[in-house]
Asker: 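One structure, pasted below without further comment.
Bear in mind the structure is a predicted one, so any value in this text is a computation, not a measurement. In listed order, ligands and their atoms are each counted from 1.
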Amino acid sequence: MSNPELAIKKKSTPLYKESRKLFIESYGCQMNFSDSEIVASILAKEGYGMTEDYKDADLVLLNTCSIREKAEATVRKRLETFNLLKKEKPSLKVGVLGCMAERLKEKFLEEEKVVDLVVGPDAYKDLPNLVKEVDEGRNAINILLSKEETYGDIAPVRLGQNKVSAFVTIMRGCDNMCTFCVVPFTRGRERSRDPKSILKEVRDLFEKGYKEVTLLGQNVDSYLWYGGGLKKNYKKATELQKKTAIDFSKLLELVALEVPDMRIRFSTSNPQDMIESVVHTMAKYPNICKYIHLPVQSGSDRILKKMNRLHTRQEYFNLIDTIRKHIPDCGISHDMITGFPTETEEDHQQTMALMEYVKYDFGFMFAYSDRPGTYAHRKIEDDIPLETKKRRLSEIISLQQKHSAYRTKQYVGKTVCVLIEKESKKSNLFWSGRTTQNTVVVFPKENYSIGDFVDVVIENCTTATLIGKGTNLSKSL
Ligand code: SAH
Ligand code: F3S
């Protein structure tokens, strides 16, 4: 009989020594950063070790974003650097991953001669084959979108600089079809990951010493596990599958119970899919962070409709009221788009009024960018002059700054629990971390360490940051 211990040992010995070097750069959303960790894991098995210096690399991969024109322009500009490097080092291979790969397909190989490899977000498991093709001197491409792929069976190589917080993907794709958005085209249809593999990954992180996990999905509230497959096929699920299905609020609860000493965050929520039970689960478990990123995009009912956002301004207010009722100290942030086609001054004022009502802790604000292939691009003329978009954008940014300042001021004099993540960028004598509401706090290092939960009394603030002094290690999260 074979010795099982020996078999295990043999299995865990790497097939190759780390003979080649991989440099990955990620752009855009958190999911891209998380996907790059999956890619690193897949290629580690092929003998690729990571390097932080692209000049050392044998293979450079850019995990790209298509959400706005500017995001794509940034990647194209970056490719020039690798084009130059390739002249010095002809053996260098360059690949593009992610949403630009999916959107541009073969065109990428034609337009950017420096690119050898184009791989869409559901095709990373094919990378070993694709890289071999490239090694043999051919360009390689796989942009197939999947009905199943969630990479649930891959243990990501953690690339983040701190060993405190990590991302765990729970669902992929988006079925919402907001008229301005390329994500449904580049990321495919919604499918959820087996909760067992999510719980296992979260537990592993806890055992490795991580203190915080962010559950990721393009539309987390749409999470639904009924045994696998596309969310839209749930209608055809068996009675038993329907009875035992797990939705986002249930998953959140399972994760909270699995790792009670870890902080749990999630992103991103779409107001139209957020159900009240999620708010109750958040209120019930102290380790679920009191913070919701709740993009609204516009405060005008007319524009929301044109964006195919399936809720009204009033329904959004009701949701905000429900959150504040059950979690009075909840941090809330937003995404907003200015200058969506046909947006009038009146629509813009409605957006400002909505912001005034909510007084968000912070927000991400963008000028509308017309994206090829989207409904808005095909059917609605991009008729708002750039100057107007920019002016409206700067107005909402100023308003947000006022609200952020209002929010941070509320904390002065109070004691908050902070999870230390890293050294402050401004001073190596200070730590930087976040509150449960996701507000950044800096305070003197003293004897505290990265990964500690510390009670910090807030003495001062800027619009985005709280400044304080640690009093003791915290007993809460
Ligand atoms: N649900 C997604 C949203 C992705 S897009 C998630 O996982 O975060 C992030 C934000 O980019 C959107 O909320 C929207 O505010 C902005 N955005 C998307 N398409 C855009 C476009 N065409 N022009 C400008 N901003 C856009
Ligand atoms: Fe995009 Fe709307 Fe989905 S913003 S990611 S289509 S929820």
Asker: At a 4.0 Å threshold, what atoms of ligand 2 neighbour a non-hydrogen atom of Arg309?
Answerer: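 Per the distance check, 2 (Fe), 4 (S).
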
Asker: Under 6.0 Å between ring centres: does that hold for His334 and Tyr360?
Answerer: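 Ring centres of Tyr360 and His334 closer than 6.0 Å.
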
Asker: For atom 16 (C) of ligand 1, what's the nearest protein heavy atom and its distance?
Answerer: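 Sorting protein heavy atoms by distance from atom 16 (C) of ligand 1 puts Arg68 NH1, 3.2 Å first.
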
Asker: Which word best sums up how the rings of Phe82 and Tyr54 line up, parallel for under 30°, tilted for 30 to 60°, or perpendicular for over 60°?
Answerer: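 Perpendicular: the ring planes of Phe82 and Tyr54 meet at over 60°.
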
Asker: Are Arg187 and ligand 2 in contact, using a heavy-atom cut-off of under 4.0 Å?
Answerer: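 Arg187: no contact with ligand 2 (<4.0 Å).
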
Asker: Which residue and non-hydrogen atom of the protein lie closest to atom 21 (C) of ligand 1, and at what distance in Å?
Answerer: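 Scanning the protein heavy atoms, the shortest distance from atom 21 (C) of ligand 1 goes to Ser369 O, 3.6 Å.
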
Asker: Just to check, does Asn219 reach to within less than 4.0 Å of ligand 1 when the distance is taken from its heavy atoms?
Answerer: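 Not so, Asn219 does not reach ligand 1.
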
Asker: Should you measure from each heavy atom of Phe180, which atoms of ligand 2 turn up under 4.0 Å away?
Answerer: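 Matching atoms, with element in brackets: 4 (S).
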
Asker: Between the candidates Val182, Asn270, Ile337, which shows the shortest non-hydrogen contact distance to atom 7 (S) of ligand 2?
Answerer: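 Nearest option to atom 7 (S) of ligand 2, by heavy atoms: Asn270.
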
Asker: How does Ala367 reach ligand 1, if at all, at less than 4.0 Å between non-hydrogen atoms: by side chain, backbone, both, or neither?
Answerer: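 The answer is the backbone of Ala367.
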
Asker: Nearest protein heavy atom to atom 18 (C) of ligand 1, by residue and atom, and its distance?
Answerer: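 Closest protein heavy atom to atom 18 (C) of ligand 1: Ile67 CG1, 3.4 Å.
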
Asker: Considering non-hydrogen atoms of the protein only, which is the closest contact for atom 6 (C) of ligand 1, and what is the distance?
Answerer: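 Answer for atom 6 (C) of ligand 1: Thr268 OG1, 3.2 Å.
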
Asker: What atoms of ligand 2 come closer than 4.0 angstrom to any heavy atom of Cys178?
Answerer: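 In order of number, 2 (Fe), 4 (S), 6 (S), 7 (S).
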
Asker: Which atoms of ligand 2 sit under 4.0 Å from any heavy atom of Asn176?
Answerer: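 Numbered from 1, ligand 2 contributes 7 (S).
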
Asker: Among Phe248, Tyr291, Phe167, which one satisfies ring pair (Phe, Tyr, Trp, His ring centres under 6.0 Å) with Phe266?
Answerer: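 Single pass found, and it is Phe248.
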
Asker: Report the part of Ile337 in contact with ligand 1, treating N, CA, C, O as backbone and CB onward as side chain, heavy atoms under 4.0 Å; options are side chain, backbone, both, neither.
Answerer: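 Side chain only.
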
Asker: How far is atom 3 (Fe) of ligand 2 from its nearest protein heavy atom, and which residue and atom name does that atom have?
Answerer: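 Going atom by atom, the protein heavy atom closest to atom 3 (Fe) of ligand 2 ends up being Cys174 SG, 2.3 Å.
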
Asker: Could you tell me whether Phe317 and Tyr357 have their ring centroids closer than 6.0 angstrom?
Answerer: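 Centroid separation for Phe317 and Tyr357: below 6.0 Å.
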
Asker: Determine, using heavy atoms of Ala376 and all atoms of ligand 1, whether some pair is separated by less than 4.0 Å.
Answerer: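 The answer is no, since Ala376 has no heavy atom less than 4.0 Å from ligand 1.
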
Asker: To the closest 0.5 Å, what do you measure between CD (Glu207) and CZ (Arg203)?
Answerer: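 Nearest 0.5 Å value for the CD-CZ distance: 5.0 Å.
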
Asker: Do Arg324 side-chain atoms and Val358 backbone N/O form a donor-acceptor pair below 3.5 Å?
Answerer: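 Here the side-chain-to-backbone pair exists.
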
Asker: May I ask you to identify, for Pro184, whether its side chain, its backbone, both or neither come under 4.0 Å of ligand 2 on a heavy-atom basis?
Answerer: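 Near ligand 2, Pro184 shows its side chain, while the N, CA, C and O stay back.
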
Asker: Atom 14 (C) of ligand 1: which protein heavy atom is closest, and how many Å away?
Answerer: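 It is Gln297 OE1, 3.3 Å.
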
Asker: For the side chain of Arg189 and the backbone of Asp175, is there at least one donor-acceptor N/O pair under 3.5 Å apart?
Answerer: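 No, Arg189 side chain to Asp175 backbone: no donor-acceptor pair under 3.5 Å.
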
Asker: For atom 1 (Fe) of ligand 2, what is the closest protein heavy atom, and at what distance to 0.1 Å?
Answerer: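 Result: Cys181 SG, 2.3 Å.
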
Asker: For the CG atom of Leu62 and the CZ atom of Phe23, what is their distance to the nearest 0.5 Å?
Answerer: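 Reported value, rounded in 0.5 Å steps: 8.0 Å.
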
Asker: Mark up the atoms of ligand 1 that fall under 4.0 Å of a heavy atom belonging to Gly217, in ascending order.
Answerer: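 Heavy-atom distances to Gly217 below 4.0 Å select 7 (O).
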
Asker: Please check this pair: side chain of Asp347 against backbone of Thr344, looking for a donor-acceptor N/O pair closer than 3.5 Å.
Answerer: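 Checking the backbone N and O of Thr344 against the side chain of Asp347, a donor-acceptor pair under 3.5 Å is found.
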
Asker: Any side-chain heavy atom of Phe108 within less than 4.5 Å of one from Ile141?
Answerer: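 No, every pair of side-chain atoms sits at 4.5 Å or beyond.
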
Asker: Take atom NZ of Lys306 as the centre, draw a 6.0 Å sphere, and report whether it contains more than 12 heavy atoms from other residues, nucleotides or ligands.
Answerer: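 12 or below, so no.
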
Asker: What part of Phe180, side chain from CB on, backbone N/CA/C/O, both or neither, has a heavy atom under 4.0 Å from ligand 1?
Answerer: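 Near ligand 1, Phe180 shows its backbone as well as its side chain.
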
Asker: In the protein, which heavy atom is nearest to atom 3 (C) of ligand 1, and how far is it?
Answerer: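 Going atom by atom, the protein heavy atom closest to atom 3 (C) of ligand 1 ends up being Gln218 O, 4.8 Å.
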
Asker: Write out the residue and atom name of the closest protein heavy atom to atom 13 (O) of ligand 1, then the distance separating them to 0.1 Å.
Answerer: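 Checked against all protein heavy atoms, atom 13 (O) of ligand 1 sits closest to Asp335 OD2, 2.6 Å.
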
Asker: Should you measure from each heavy atom of Arg371, which atoms of ligand 1 turn up under 4.0 Å away?
Answerer: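 Reading through ligand 1 atom by atom, the close ones are 22 (N).
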
Asker: With side chains defined as the heavy atoms from C-beta onward, is the minimum distance between Glu72 and Glu69 less than 4.5 Å?
Answerer: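 No. Closest side-chain heavy atoms not under 4.5 Å.
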
Asker: Do any nitrogen or oxygen atoms of Tyr368 lie less than 3.5 angstrom from nitrogen or oxygen atoms of ligand 1?
Answerer: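 There is no such contact.
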
Asker: Using side-chain heavy atoms (C-beta onward) and a distance below 4.5 Å, is Thr74 in contact with Lys77?
Answerer: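 Sidechains of Lys77 and Thr74: no contact.
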
Asker: Could you give the distance from CD (Glu315) to CD (Gln272), rounded to the nearest 0.5 Å?
Answerer: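 Reported to 0.5 Å precision, the distance equals 10.0 Å.
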
